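Just so it is clear, the structure is predicted and the values come from calculations on it, not from any experiment. Note: hydrogens, waters and symmetry copies are ignored here, and every other heavy atom, side chains too, is used.
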2 protein chains.
Amino acid sequence: MELESVAEVLRIEKWRLKGAMERKNAFTIDDFSPPYILFRKELRHVEKGTSVFLGDSIEVIRGFPKIRRAFYLKPMLQKHFKDNVVIEEKMNGYNVRAALVDGKFVAITRGGFVCPYTTLKLQEDENLLKFLTHNPELVVCGEVVGMENPYVAHEYPEAERFGFFCFDLRYKSTNKALPIEKRNSLLEKYQLKSVRLLGTYRTGEIDRIFEIVRELGREGREGVVIKDPEMKLSPIKYTPSETNTSDLAYAFRYPYEYGRDFSFSRIIREGYQAAEWEESEEELETRAMRLGKSILFPMVRSIRKVMAGGVLTEDFIVRVNSEEEIKALVIFLRRQGINFILKDSGIDLDEHIYLIKRLRNSTTDKIKSYLSGRFE
Amino acid sequence: MELESVAEVLRIEKWRLKGAMERKNAFTIDDFSPPYILFRKELRHVEKGTSVFLGDSIEVIRGFPKIRRAFYLKPMLQKHFKDNVVIEEKMNGYNVRAALVDGKFVAITRGGFVCPYTTLKLQEDENLLKFLTHNPELVVCGEVVGMENPYVAHEYPEAERFGFFCFDLRYKSTNKALPIEKRNSLLEKYQLKSVRLLGTYRTGEIDRIFEIVRELGREGREGVVIKDPEMKLSPIKYTPSETNTSDLAYAFRYPYEYGRDFSFSRIIREGYQAAEWEESEEELETRAMRLGKSILFPMVRSIRKVMAGGVLTEDFIVRVNSEEEIKALVIFLRRQGINFILKDSGIDLDEHIYLIKRLRNSTTDKIKSYLSGRFE
């Protein structure tokens, strides 16, 4: 039986794997070739988002490890890292792992799905294919950013439509990451784009690190990932106030989809940062105003939109080469339970540019019910 | 068996009552005379907070019904009420039901406990005792406010230390409330203090009601309760922005004790009110600033206090007549799991004035752990 081989490859007991599949914490996607088992939840050392491809041989692409966040940076830095840390930019897009399985190129989302859209887009990157062909045991982990994708639309001058920026090279089945220098020289050799490298610092140089974070905030960029140069210790992320509040603004556009936990944690970050940065009364007021507006304004806008009879949607642009490609994407998104309307963008009749209007029904419906006289 | 008689008096099946007691959703307090069964959760038509006294006869004091809140007032008012509504002030203190059981005076908290402190204080009110003696079938429901109590310290000029303001007269076992006029004439006859009556309005007079709420906000007062004059429909509460944000400021002093749900709901209120009040850009900015400050400032203050080695407490003043009385209160509060330090206030050596410093350990400990290098 195949399950036995999968369990063996993952070095996990067969009964555990069977149990996970019975509870639907792992399940098979069989309309892809080769079919794959996807881990919706972590199972022992097997990360959430791991995909196991059942081709001629069994190939494992391990889930991307969760990057923990620092609320209060200084003591964490001293405690967690050794002498030096590498600071890299954290970009605001979606996490993708690109690899070859059975010689076939796949782009896998954080959740472990082979995304047809991302796969098509990245397939056009000859450097990436060449890299993977020469290094089939590696996975290129990076962020897809820009305005043309169905997940996270965020403007980047260096990738207005669609860009892929690598941050890790990891071994397929162990998930071990190459040391930073080794990674850099490989990326350079194959001319793969990397996220911005912001320097190596001693863990004591906290003020310089904060200055970088503040500068990124001013530029509207997401934040930093702090790494062990050897990549033996797990990385840590840290973001400026502008990112925390812009996340909040997003959450409060759709408060009943992104509820309590999402917003509470982002609010809390602001408290720790203000305390750690020893802000003055005036700086605190600026921060309070940014915080208050990020919560109130989008919420009021959404309520007003529903008052006016509108429906709340989140709009994405995608650009494909053919009708078949958009059909594949639609099927893929719907199967994940994403509720949306597809529209031809009308931007350019010669090109296949579409609008994916994701419906935010929980928020629309809940606001509607309060507007028609419901209680708390 | 006594349980049988209790079930009968409550008009509930015996097996249900037995089940509730087995699950500890109802339990007996037997160091009070007479002993009583307290309902920690609602059981069919029996409200949470109901107390059943097992004296010579069985006497039921039904739990105070939950008052629902309007997020968006206008349609709710039209839908829920008839032509007219009575507007009364909602005060910021703690809900108390005063009654005679077995001829003995008791003051019961929202949770259904006979509070020794509140009982002693209210016992000094001769008008209240006289009223209850003449109307033993009634319960006087009101708010205890002022700075001297172990639950909610809030300044009121009309009751700086301790005041009790009635808002409902209800029948002991049915929980039915007297119509407003009947209540008023009884309160007047016995010279019992009532919460402020702010007038009777047609449900269409929404702008006048909003004006009242705004004025209360400016005065730092909590809000309104909107009632059916006949008290046949359940009342509704509604609060100004100043109250929502002052609740938030309280929550974010101790963010890990009052977490996600408490703050999310209060944030959401601000959105609906701003939308319903059709606020201008400028008004929205004022509201956003108030919101942001109410969240950020207390949180930063608490973090700074822990950074400086402090411990977060919430302080209450209580004033009693003897050492026995403070001992009884201490035992009562501890039994409810309230963690505090008792201190002599040192204010006046001739009087028994104490400080109850309630320890907010969850927040203190969590902040401490982040300050010492913990991750999210």
Side-chain angles (χ1 to χ4, degrees), chain A residues 68-80 234 236-237 245 252 255-256 259-265 267-276 278-279 281 284-285 287-304 306-307 367 370-376, chain B residues 68-80 234 236-237 245 252 255-256 259-265 267-276 278-279 281 284-285 287-304 306-307 367 370-376:
Chain A
R68 288 180 297 175
R69 172 181 299 276
F71 276 149
Y72 198 85
L73 193 60
K74 190 176 173 181
M76 206 275 321
L77 219 53
Q78 305 273 4
K79 211 170 156 179
H80 181 71
S234 54
I236 295 295
K237 57 187 171 186
T245 49
F252 279 98
Y256 300 106
R260 292 143 216 252
D261 290 356
F262 185 97
S263 47
F264 186 74
S265 142
I267 288 172
I268 288 289
R269 289 177 200 167
E270 287 295 285
Y272 285 99
Q273 189 169 79
E276 185 165 19
E278 298 177 356
E279 292 190 346
E281 201 65 15
L284 283 179
E285 293 217 353
R287 190 184 283 269
M289 189 64 180
R290 186 166 51 228
L291 176 64
K293 277 175 127 171
S294 76
I295 293 172
L296 187 68
F297 282 49
M299 182 166 50
V300 171
R301 253 194 309 276
S302 287
I303 295 170
R304 284 182 176 161
V306 177
M307 284 170 80
I367 292 176
Y370 285 122
L371 295 182
S372 68
R374 186 188 138 142
F375 303 89
E376 184 171 42
Chain B
R68 288 181 296 176
R69 171 181 301 274
F71 275 150
Y72 199 84
L73 193 60
K74 190 176 174 181
M76 205 277 321
L77 219 53
Q78 306 272 5
K79 212 170 156 179
H80 181 70
S234 55
I236 295 295
K237 57 187 172 186
T245 49
F252 280 98
Y256 299 105
R260 294 144 215 253
D261 290 357
F262 185 97
S263 47
F264 186 75
S265 142
I267 288 171
I268 288 289
R269 289 178 200 166
E270 287 295 285
Y272 284 99
Q273 189 170 78
E276 184 165 19
E278 297 177 357
E279 292 190 346
E281 202 65 14
L284 282 179
E285 294 217 352
R287 191 185 282 269
M289 190 64 181
R290 186 166 49 229
L291 177 63
K293 277 174 127 172
S294 76
I295 292 172
L296 187 68
F297 282 51
M299 182 166 51
V300 171
R301 251 193 312 274
S302 287
I303 296 170
R304 284 181 176 163
V306 177
M307 285 170 80
I367 292 177
Y370 285 121
L371 295 182
S372 68
R374 186 188 137 144
F375 303 89
E376 185 171 45

- B/K237 atom NZ, neighbour heavy-atom count above 12 within 6.0 Å: yes
- Under the 3.5 angstrom rule, does the side chain of A/S294 hit a backbone N or O of A/L291 as a donor-acceptor pair? yes
- Is A/E270 reaching over with its side chain to a backbone N or O of A/R287, donor-acceptor style, under 3.5 angstrom? no
- Query: Of the backbone (N, CA, C, O) and the side chain (C-beta and beyond), which part of B/F297 lies under 4.5 Å from a heavy atom of chain A, both, or neither?
  - Reply: side chain
- Heavy-atom proximity to chain A below 4.5 Å, by part of B/E278: backbone
- Query: For B/I236, is it the side chain, the backbone, both, or neither that has a heavy atom closer than 4.5 Å to a heavy atom of chain A?
  - Reply: side chain
- Task: With a 4.5 angstrom heavy-atom cut-off, could you sort out which part of A/I267 is near chain B: side chain, backbone, both or neither?
- Result: both
- With only heavy atoms counted, which part of B/M289 is less than 4.5 Å from chain A, the side chain, the backbone, both or neither? both
- Message: Ignoring hydrogens, what is the shortest heavy-atom contact between A/F264 and B/S263? Give both atom names and the distance.
- Response: CD1-OG, 3.9 Å
- For A/Y272, is it the side chain, the backbone, both or neither that has a heavy atom under 4.5 Å from a heavy atom of chain B? both
- Would you mind checking which part of B/R269 comes under 4.5 Å of any heavy atom in chain A, side chain (CB onward), backbone (N, CA, C, O), both or neither? side chain
- Query: Can you say whether B/L284 sits under 4.5 Å from chain A via the side chain, the backbone, both, or neither, judging by heavy atoms?
  - Reply: both
- Checking B/M299 against chain A: side chain, backbone, both or neither under 4.5 Å from a heavy atom? side chain
- Within the distance-only criterion (no hydrogens, no angle test), does the side chain of B/S265 pair as donor or acceptor with the backbone N or O of B/D261 below 3.5 angstrom? no
- Query: Would you find a donor on one side and an acceptor on the other, under 3.5 Å apart, between the side chain of B/H80 and the backbone of A/G373?
  - Reply: no
